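This report refers to the structure that appears directly beneath it.
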Amino acid sequence: MNERGCGGKPLHMSKPVSLSSPTPQLDKMLDPQVWREAATQVFFALGLGFGGVIAFSSYNKQDNNCHFDAALVSFINFFTSVLATLVVFAVLGFKANIMNEKCVVENAEKILGYLNSNVLSRDLIPPHVNFSHLTTKDYAEMYNVIMTVKEDRFSALGLDPCLLEDELDKSVQGTGLAFIAFTEAMTHFPASPFWSVMFFLMLINLGLGSMIGTMAGITTPIIDTFKVPKEMFTVGCCVFAFFVGLLFVQRSGNYFVTMFDDYSATLPLTVIVILENIAVAWIYGTKKFMQELTEMLGFRPYRFYFYMWKFVSPLCMAVLTTASIIQLGVTPPGYSAWIKEEAAERYLYFPNWAMALLITLIVVATLPIPVVFVLRHFHLLSDGSNTLSVSYKKGRMMKDVSNLEENDETRFILSKVPSEAPSPMPTHRSYLGPGSTSPLESSSNPNGRYGSGYLLASTPESEL
């Protein structure tokens, strides 16, 4: 029996006890914007285009198993992203349930007040509704009945539908996700102080890890190229970054964070990554890159990589870059601002000076690529590769000659003619690309079966 306030006593209610579950919106998978943001997130998560991965890998030995490292990092990033997704949506779902409960309680109290003041007729309440154990389903049924009967004066009642989907749609992103949504949700956790401390310790470690990787991508190439003192230069970069970071901690800092995060990093990042891919796969050459990987790893990489590097990856990133440019053209850059007079958020477009700053950030981020290309094309900037290449070839040449001399001595002791002895070079064929042949298997070698050893030995140093 439902409690309707018999004997003139006001009705009362308690907390709702059951909640409805939202239905997944699979049609979102057809939205190009979702895939564009997902691909951009992969760049940020793996650190592609930032230079940190290249800087860290430069400290590896030449025979390091980079194939295993790349696969390991990719799988760790994948499982970490899946775990973070589960945690984020679980916390947001918990917060949405809590807020939906509060919405049902507040609006049900409004209905009780209207019933007690005879603004609403008690006949509008379904017989099975029990305010002591009110569910969201019962509230939704009451809401629909009242909205149907009081159609003309329904807006004056100020009732909300209290849908869980609406609460989930209110979920913020970016800095608001970490500092607003999560912190608000953790206040409802059991032992909330403990989880709050753990959460912000995680944020500190995450920020330090990202900062170290990004700083290594900046300092390592400059230190290796110009031979500047590592400690002083690193400290100078950190101090400079600290003063730049003060821009983001002022009252309007969140708007600058939005500008840097949404516009100045996304498009330049995709441009840098696609140019890196084209430089390795098409300018340097995928076949040559595969051959060097074979020498480093001791085994040939999978044929799958050849087609991915040369065709699939550039095509996908070209589509991503095109989609980013179209998105910027269709939707003018803007930000969500809190309007104090209206007590609500509104989407505003950036002013002219902010647009100029935004364009400057995009140009500055991509400008080093064409500048360095022009300088090296006209030999105005040396990359130092000639000296390194000569020293490497000299060392390899002397090693091959030494091995051949030892083999010739052994064959002489065993009374074997060098030309009849088997070649000391490996006989396996490394995959260099479709329709290609390994230079180790070439039968038209001018030096016979001994391969490139004697060829390098007879090559003048000026030709290396």
Side-chain angles (χ1 to χ4, degrees), residues 13-29 31 33-34 37-38 41 44-45 79-111 131 133-143 158-207 210 253-255 257-258 261-262 335-340 342-347:
M13 63 163 296
S14 61
K15 190 177 181 180
V17 295
S18 64
L19 298 169
S20 60
S21 300
T23 303
Q25 300 178 5
L26 298 180
D27 57 329
K28 293 290 186 180
M29 301 294 291
D31 187 2
Q33 176 71 9
V34 174
E37 294 182 355
Q41 177 61 29
F44 279 94
F79 288 114
T80 304
S81 300
V82 173
L83 177 61
T85 301
L86 296 176
V87 173
V88 168
F89 281 99
V91 172
L92 293 180
F94 174 79
K95 174 180 174 293
N97 281 327
I98 295 296
M99 300 306 295
N100 196 53
E101 286 183 359
K102 295 174 64 175
C103 178
V104 171
V105 171
E106 292 174 357
N107 286 272
E109 289 178 350
K110 289 182 181 180
I111 295 177
F131 281 93
H133 301 281
L134 186 64
T135 65
T136 53
K137 183 178 179 180
D138 293 339
Y139 173 77
E141 187 174 353
M142 282 194 307
Y143 179 85
L159 298 179
D160 296 325
C162 295
L163 298 177
L164 187 59
E165 291 83 354
D166 295 340
E167 295 295 337
L168 290 174
D169 291 338
K170 294 178 183 178
S171 299
V172 294
Q173 58 182 353
T175 55
L177 176 64
F179 298 104
I180 297 177
F182 265 71
T183 52
E184 184 180 357
M186 282 185 296
T187 58
H188 302 284
F189 285 3
S192 58
F194 169 77
W195 294 112
S196 300
V197 171
M198 296 298 294
F199 175 72
F200 282 101
L201 284 177
M202 181 200 70
L203 288 183
I204 292 175
N205 291 327
L206 181 63
S210 301
N254 191 50
Y255 301 129
V257 171
T258 302
D261 186 34
D262 294 344
Y335 60 99
S336 297
W338 175 261
I339 307 301
K340 182 179 180 181
E342 301 177 3
E345 282 190 354
R346 288 180 56 189
Y347 186 82

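Quick caveat, the model's predicted, so the values are computed rather than measured. Count residues from 1 along the sequence.
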Point to revise | Under 3.5 Å donor-acceptor, N107 side chain and C103 backbone | key: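 Looks like yes, one N/O pair under 3.5 Å.
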Check your understanding: By side chain to side chain donor-acceptor pair (under 3.5 Å), which residues pair with N254, not counting sequence neighbours?
Key -> T175
**Study point:** Any residue meeting side chain to side chain donor-acceptor pair (under 3.5 Å) with E141, in chain and number order, not counting sequence neighbours
**Key:**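 So E141 forms a side chain to side chain donor-acceptor pair (under 3.5 Å) with H128.
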Taking all atoms of both residues into account, what is the closest heavy-atom pair of [X] and [Y], and its distance?
X	Y	value
L159	Y143	O-CE1, 3.8 Å
L134	A108	CD2-CB, 3.6 Å
V34	K28	CG2-O, 3.5 Å

Nearest-0.5 Å distance that lies between atom [atom1] in [X] and atom [atom2] in [Y]:
X	Y	atom1	atom2	value
E167	L92	CD	CG	12.0 Å
L163	T136	CG	OG1	9.5 Å
L164	E101	CG	CD	10.0 Å
M99	D166	CE	CG	12.5 Å

Result block: side-chain N/O donor-acceptor pairs under 3.5 angstrom for residues 196-207, not counting sequence neighbours:
{"from": "S196", "atom 1": "OG", "to": "S192", "atom 2": "O", "distance (Å)": "2.8"}
{"from": "N205", "atom 1": "ND2", "to": "L201", "atom 2": "O", "distance (Å)": "3.3"}

Review point. In chain order, what residues pass the ring-ring contact (aromatic ring centres under 6.0 Å, His included) check against F194, with sequence neighbours excluded?
Key: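 If we apply the ring-ring contact (aromatic ring centres under 6.0 Å, His included) test to F194, skipping adjacent residues, there are no hits.
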Study note, to complete from the structure: Across all chains, not counting sequence neighbours, the ring-ring contact (aromatic ring centres under 6.0 Å, His included) partners of F94 are F189
Practice item. Return the set of residues passing side chain to side chain contact (heavy atoms under 4.5 Å, CB included) with S336 (not counting sequence neighbours), or none when no residue passes. Key: E345, Y347
